[in-house]
Amino acid sequence: MGPQPEIDELFEVKNFFYTGNYQQCINEAAKIRKPSTPEIATLRDIFTYRSYIAQNKFLVVLDEIQIASAPEIYPLKMLAEYLHSKSNRTAVLEQIAVKVDTVAGNETLVLVAATIYIQEGNLDAAYRYLHSSESLEALAFMVHILLALDRVDLALKKLKEMQEKDDDATLTQLAQAWIHTALGGDKLQDAYYIYQELVDKFGATPLLLNGQAVTFIGQGKYEEADAALQEALDKDSNNAEILINMIALQKHLDKGPEMSNRYLSQLRDAHPEHPFIRDLKQKETDFEKICQQYGPTNPVVA
């Protein structure tokens with residue numbers, strides 16, 4: 001008999017996190033009370049804290065991670081500080097910049113730096129730091145950035161690297177679905193099947209349902225998209241990406257501006273600094289300036 005395949009103790013923990021089922025990730029991690037190695041214990045804690053951050057439960061992370069925590073865990077405290085407090089963001093950015101330039105081999109630090117720089121809209125810096133890692137997650141991050149930059153050609157090359165590392169991995173499947181969606185046309189149906197397979201394996205999450213909805217919108221299946229997004233909202237009513245897609249979908253459903261404005265108000269309230277809202281505010285300001293420039297002037301009274 002050949003050697004037995006190595007069992008990944010964190011298989012379900014990782015996959016629940018990657019598919020957006022953060023509470024289930026936390027629950028599964030809590031079951032691993034006696035990990036086989038200290039490294040597994042650290043990874044378990046990393047995914048636990050990342051899930052709390054994804055749920056906007058920043059105080060849990062801030063309270064539990066201390067300066068004496070493992071070096072691989074501590075960057076998550078900086079991420080929680082950045083997301084929790086607007087006033088502290090400049091200091092966190094400076095701290096992150098110093099650490100990523102001086103500390104090598106810390107995968108969590110690389111992912112945290114990329115996450116923060118993406119939040120800042122600095123995709124170049126995020127991409128540059130990700131190059132210091134060869135992990136599957138770093139490659140998936142790079143695919144995400146390249147698609148945001150409309151460089152599907154380069155994203156395909158990164159996907160090939162992921163497939164060479166692990167073609168069956170959930171992250172590889174997700175990256176393939178993102179690229180299929182970006183390519184559009186017949187590839188939209190392929191993207192839908194990938195999302196559905198992940199739903200069958202790990203359950204319907206807001207992330208996967210939102211992905212399916214985008215493929216439906218691209219195919220003109222607006223009622224199906226609406227059903228998927230409604231189910232996603234039932235699971236996470238303040239999810240920014242779902243709300244944005246709901247805003248866009250209302251135009252296709254001919255439901256009038258009331259519903260679209262309602263979702264927009266909800267997005268403004270829950271995510272006032274989301275790039276979509278920042279861009280919208282800038283466009284509103286520009287429009288007002290144009291109106292003032294070309295609007296009627298008060299007549300001169302003789």
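What you see is a predicted model, and the numbers here were worked out from it, not measured in a lab.
Here the straight-line distance linking atom OG of S237 with atom CD of Q266 works out to 6.0 Å at 0.5 Å rounding. For the atom pair CG of L10 and CD1 of I40, the computed distance is 4.5 Å after rounding to the nearest 0.5 Å. Distance check: R128 CZ to I145 CD1 gives 11.0 Å after rounding to the nearest 0.5 Å. Distance check, rounded to the nearest 0.5 Å: CD1 of I53 to OG1 of T48 gives 11.0 Å. Remark: Q230 CD to L209 CG distance equals 11.5 Å, nearest 0.5 Å. To the nearest 0.5 Å, the span separating OH on Y127 from CZ on R151 amounts to 9.5 Å.
A donor-acceptor distance shorter than 3.5 angstrom exists from the side chain of T172 to the backbone of D166, with no hydrogens or angles considered. Side chain of E134 to main chain of H131: no donor-acceptor pair is present (N/O by atom type, distance under 3.5 Å, no hydrogens or angles). Not a single donor-acceptor pair under 3.5 Å links the side chain of N210 to the backbone N or O of P206. Looking only at distances, no side-chain donor or acceptor of K158 sits under 3.5 Å from a matching main-chain atom of M142. The main-chain N or O of E81 is never found under 3.5 Å from a side-chain atom of S85 such that the two would form a donor-acceptor pair. The main-chain N or O of D167 is found under 3.5 Å from a side-chain atom of Q173 such that the two form a donor-acceptor pair. The backbone N or O of E241 lies less than 3.5 Å from no partner atom in the side chain of H274, so there is not a single donor-acceptor pair. Judged by distance alone, with hydrogens and angles left aside, the side-chain atoms of T205 form a donor-acceptor pair with the main-chain N or O of T19 at under 3.5 Å. Remark: side-chain polar atoms of S133 are not paired, donor with acceptor, to backbone N or O of L130 under 3.5 angstrom. A donor-acceptor contact shorter than 3.5 Å is absent between the side chain of D269 and the backbone of S265.
Residues A140 and L171 approach most closely at CB-CD2, 4.2 Å, considering heavy atoms. Minimum heavy-atom separation, Y195 to L208: CD2-CD2, 3.9 Å. Looking at every heavy atom in both residues, A155 comes nearest to V143 through O-CG2, 4.0 Å. In plain terms, the two heavy atoms of Q119 and R278 that are nearest each other are O-NH2, 3.6 Å. Heavy atoms only, all atoms of each residue included: N239 and I242 are closest at OD1-N, 3.1 Å. Contact detail for P71 and N106: the closest heavy-atom pair is O-ND2, 2.8 Å.
M78 has its side chain within reach of K99: a pair of non-hydrogen atoms, C-beta onward, lies under 4.5 Å apart. Side-chain atoms of E273 and K86, non-hydrogen and from C-beta on, do get closer than 4.5 Å to each other. Side-chain contact between F58 and L79 is absent, with no heavy-atom pair separated by less than 4.5 Å. In this structure, K157 and L146 have side chains that are not in contact, with every pair of non-hydrogen atoms separated by 4.5 Å or more. By the 4.5 Å heavy-atom criterion applied to side chains, L174 and L207 are counted as neighbours. Residues S36 and E9 meet the side-chain proximity criterion, which asks for heavy atoms closer than 4.5 Å. Inter-residue side-chain proximity for V92 and R89 is flagged as unmet; no heavy-atom pair is nearer than 4.5 Å. In this structure the side chain of I46 never reaches within 4.5 angstrom of the side chain of E107, judged on heavy atoms.
No salt bridge links K281 with E284; every basic N to acidic carboxylate O contact stays at or beyond 4.0 Å. For the pair D279 and K283, the salt-bridge criterion is met [side-chain N within less than 4.0 Å of a carboxylate O].
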Q: Could you check L253 against M259 for side-chain contact (heavy atoms from CB on, under 4.5 Å), going step by step and ending with a plain yes or no?
A: CA-CA 10 Å; L253 293 173; M259 289 302 298; over 6 Å; no
**Q.** CA sep, side-chain torsions, deciding dist, call: E164, K160, side-chain contact (heavy atoms from CB on, under 4.5 Å)
**A.** CA-CA 6 Å; E164 290 170 353; K160 186 177 180 181; 3.6 Å; yes
**Q.** Test side-chain contact (heavy atoms from CB on, under 4.5 Å) applied to H180 and L188, step by step
**A.** CA-CA 6 Å; H180 283 335; L188 288 166; over 6 Å; no
(Q) What verdict does the side-chain contact (heavy atoms from CB on, under 4.5 Å) test give for L280 and R268, after you've listed the backbone C-alpha separation in whole Å, the side-chain angles of each residue and the deciding distance to 0.1 Å? (A) CA-CA 10 Å; L280 181 61; R268 288 183 192 271; 3.3 Å; yes
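W178 and I217 are members of different hydrophobic clusters when ILVMFWY side chains are connected at heavy-atom separations under 4.5 Å. In the hydrophobic clustering of this structure, F276 does not group with L149; members are Ile, Leu, Val, Met, Phe, Trp, Tyr whose side-chain heavy atoms approach within less than 4.5 Å, directly or through other members. Cluster membership for L147 and Y192, using ILVMFWY side-chain heavy atoms within less than 4.5 angstrom, is not shared. In the hydrophobic cluster analysis, where Ile, Leu, Val, Met, Phe, Trp and Tyr join through side-chain heavy atoms closer than 4.5 angstrom, L76 is grouped together with I96. A single hydrophobic cluster is not seen to contain both Y193 and L159; linkage of ILVMFWY side chains at heavy-atom distances under 4.5 Å, directly or through other members, places them apart.
Taking the six-membered ring for Trp and thresholds of 30 and 60 degrees, F47 and Y18 have ring planes more than 60 degrees apart, a perpendicular arrangement.
Between the side chains of D286 and Q282, at least one donor N or O sits under 3.5 Å from an acceptor N or O. At a cut-off of 3.5 Å, with distance as the only test, a side-chain donor of Y82 or E120 sits close to an acceptor on the other residue. Side-chain contact annotation: T42 with E72, donor-acceptor N/O pair under 3.5 Å absent.
Enclosure of atom CG in D150 is not indicated, since only 12 or fewer non-hydrogen atoms of other residues, nucleotides or ligands lie within 6.0 angstrom.
Note: Y22 and F16 fail the aromatic proximity criterion, with ring centroids not under 6.0 Å apart.
Sorted by first and then second residue, the salt bridge (charged side-chain N to carboxylate O under 4.0 Å, His left out) pairs involving residues 173-200 (not counting sequence neighbours) are E197-K201. For residues 20-44, the set of pairs meeting the salt bridge (charged side-chain N to carboxylate O under 4.0 Å, His left out) definition, not counting sequence neighbours, comprises E28-K31.
Applying the side-chain contact (heavy atoms from CB on, under 4.5 Å) criterion to E64, with sequence neighbours excluded, gives Y49, V60.
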